[in-house]
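Working notes, structure below.
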Number of protein chains: 2
Amino acid sequence: MSRSYTDVSDKAAACEAPETDDCPFADVLERIASKWSVQVILATAERPVRFTELENSIEGVSRRMLTLTLRRLERDGLLTRTVYPCVPPRVEYTATDSARELRDALQAVADWAERHRPTIAAARRNFDAEARNPVV
Amino acid sequence: MSRSYTDVSDKAAACEAPETDDCPFADVLERIASKWSVQVILATAERPVRFTELENSIEGVSRRMLTLTLRRLERDGLLTRTVYPCVPPRVEYTATDSARELRDALQAVADWAERHRPTIAAARRNFDAEARNPVV
DNA sequence: CGGCATCCCCCAGGATACTG
DNA sequence: CAGTATCCTGGGGGATGCCG
């Protein structure tokens with residue numbers, strides 16, 4: 001019996017060993033910071049959003065990773081999942097208050113990322129070029 | 001000839017295809033957000049910091065991952081690496097202006113993570129318990 | 001002190017196909 | 001529409017040992 005596709009339980013991030021004050025926020029940061037989380041949190045912070053809306057608005061995300069990201073955020077209490085029993089099914093995701101506290105900070109990071117994209121791309125090219133042609 | 005341990009060049013994050021406005025900031029976010037980056041940026045935003053200082057102050061980081069994280073941040077123009085030619089060697093890392101613009105936002109995220117650690121741990125336990133004993 | 005090299009495991013994450 | 005199931009690869013990331 002292998003762990004199912006939707007089993008997002010995570011021994012590594014189970015936050016054991018509370019007495020050693022382990023579970024440094026590296027774990028928490030990692031969760032927030034995983035490739036798609038920021039965009040999902042920002043998207044759901046304003047209003048309830050449907051699965052397909054997210055899939056369309058987040059460039060490059062796969063169905064699978066979107067599902068996993070949503071499950072993990074839900075597990076961590078950052079997202080609420082609401083199912084409306086109708087045909088066709090309708091599922092909405094909303095950021096919890098806890099997650100909404102993050103909004104401004106994450107938005108600031110996202111803005112920074114957007115502003116600095118060109119700079120970073122240039123820095124990378126520069127770094128790589130120097131590495132190939134060391135200044136001897 | 002395999003890619004060396006220090007070769008941090010990264011095709012995936014090379015930011016090609018500028019005409020399609022690809023390289024969505026998912027790439028940039030991922031770099032900033034990778035497990036140790038936030039703590040490294042925050043640590044170097046105040047003053048120059050030595051390698052070993054970082055190794056000691058960042059709980060749980062391995063020598064290898066610290067090195068890689070530093071290289072990548074340097075490559076992206078977020079960190080400056082200064083080598084003082086003396087014995088024993090002395091190497092200092094400092095956040096660039098670009099990275100320092102991130103400071104407040106990242107600090108806010110880190111503070112949030114610290115505040116919500118218990119909440120998140122509880123939410124996880126709760127979620128996992130419900131998953132095992134569905135409400136039928 | 002500040003790395004680099006090597007080995008190795010595991011999981012993030014993509015592709016594809018199927019379903020209630 | 002909103003997922004699951006399955007397969008697969010790359011690289012994140014730990015452990016250990018060596019070096020200028």
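Reckoned from all heavy atoms, side chains included, excluding hydrogens, waters and symmetry mates. Not measured: the values here are computed from a predicted model. Chain naming here is simple, since letters A, B, ... match the order of the sequence lines and numbering starts at 1 in each.
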For this session: Tell me which of Phe51(B) and Arg64(B) sits closer to the 5' end of DNA chain C, going by the nucleotide each one is nearest to.
Result: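 So the residue in question is Phe51(B).
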Nearest to the [X] side chain among [options], which nucleotide is it?
{"X": "Thr67(B)", "options": "dC1(D), dG13(C), dC4(C)", "result": "dC4(C)"}
{"X": "Lys35(B)", "options": "dG3(D), dG13(D), dG13(C)", "result": "dG13(D)"}
{"X": "Met65(A)", "options": "dG13(C), dA2(D), dG3(C)", "result": "dG13(C)"}
{"X": "Thr52(A)", "options": "dC1(D), dG14(D), dG3(D)", "result": "dC1(D)"}
{"X": "Arg63(A)", "options": "dG20(C), dG3(D), dG3(C)", "result": "dG3(D)"}
{"X": "Pro88(A)", "options": "dG2(C), dC4(C), dC1(D)", "result": "dC1(D)"}
{"X": "Ser62(A)", "options": "dG20(C), dG14(C), dG14(D)", "result": "dG14(C)"}

Please give, in whole Å, the distance from [N] [atom2] to [X] [atom1]?
{"X": "Leu68(B)", "N": "dA15(D)", "atom1": "CG", "atom2": "C1'", "answer": "14 Å"}
{"X": "Glu55(B)", "N": "dC4(C)", "atom1": "CD", "atom2": "P", "answer": "13 Å"}
{"X": "Arg81(A)", "N": "dA2(D)", "atom1": "CZ", "atom2": "P", "answer": "10 Å"}
{"X": "Arg71(A)", "N": "dT4(D)", "atom1": "CZ", "atom2": "C1'", "answer": "10 Å"}
{"X": "Glu53(B)", "N": "dG2(C)", "atom1": "CD", "atom2": "C1'", "answer": "13 Å"}
{"X": "Glu30(A)", "N": "dC10(C)", "atom1": "CD", "atom2": "C1'", "answer": "13 Å"}
{"X": "Asn56(A)", "N": "dA2(D)", "atom1": "CG", "atom2": "C1'", "answer": "13 Å"}
{"X": "Leu66(B)", "N": "dC1(C)", "atom1": "CG", "atom2": "P", "answer": "14 Å"}

Exercise. For Arg47(A) and Glu53(A), what are the C-alpha separation, side-chain angles and deciding distance, and is it a salt bridge (charged side-chain N to carboxylate O under 4.0 Å, His left out)?
Worked result: CA-CA 12 Å; Arg47(A) 57 179 182 87; Glu53(A) 287 185 87; 3.2 Å; yes
Problem set entry | Distance below 4.0 Å between Arg50(A) side-chain N/O and dC1(D) OP1 or OP2 |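 Result: no.
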Exercise. Taking all atoms of both residues into account, what is the closest heavy-atom pair of Pro89(A) and Arg50(A), and its distance?
Worked result: O-NH2, 3.6 Å
Exercise. With a 4.0 Å cut-off on heavy atoms, is Tyr84(A) in touch with a base, just the backbone sugar-phosphate, or nothing at all?
Worked result: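 Nothing, no nucleic acid heavy atom in range.
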Exercise. Taking for each residue the nucleotide of DNA chain D bearing the nearest heavy atom, is the 5' side occupied by Pro89(A) or by Val61(B)?
Worked result: Pro89(A)
Problem set entry | Sidechain-backbone polar pair: Asn126(A) side chain, Ala122(A) backbone, donor-acceptor under 3.5 Å | no
For this session: Verify, without hydrogens or angle tests, whether Trp112(B) (side chain) and Ala99(A) (backbone) share a donor-acceptor contact under 3.5 angstrom.
Result: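 Flag not set: sc Trp112(B) to bb Ala99(A) has no pair under 3.5 Å.
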For this session: Output, in order, the C-alpha distance, side-chain angles, deciding distance and verdict of salt bridge (charged side-chain N to carboxylate O under 4.0 Å, His left out) for Glu92(B) and Arg90(B).
Result: CA-CA 7 Å; Glu92(B) 288 183 346; Arg90(B) 177 186 188 87; 3.1 Å; yes
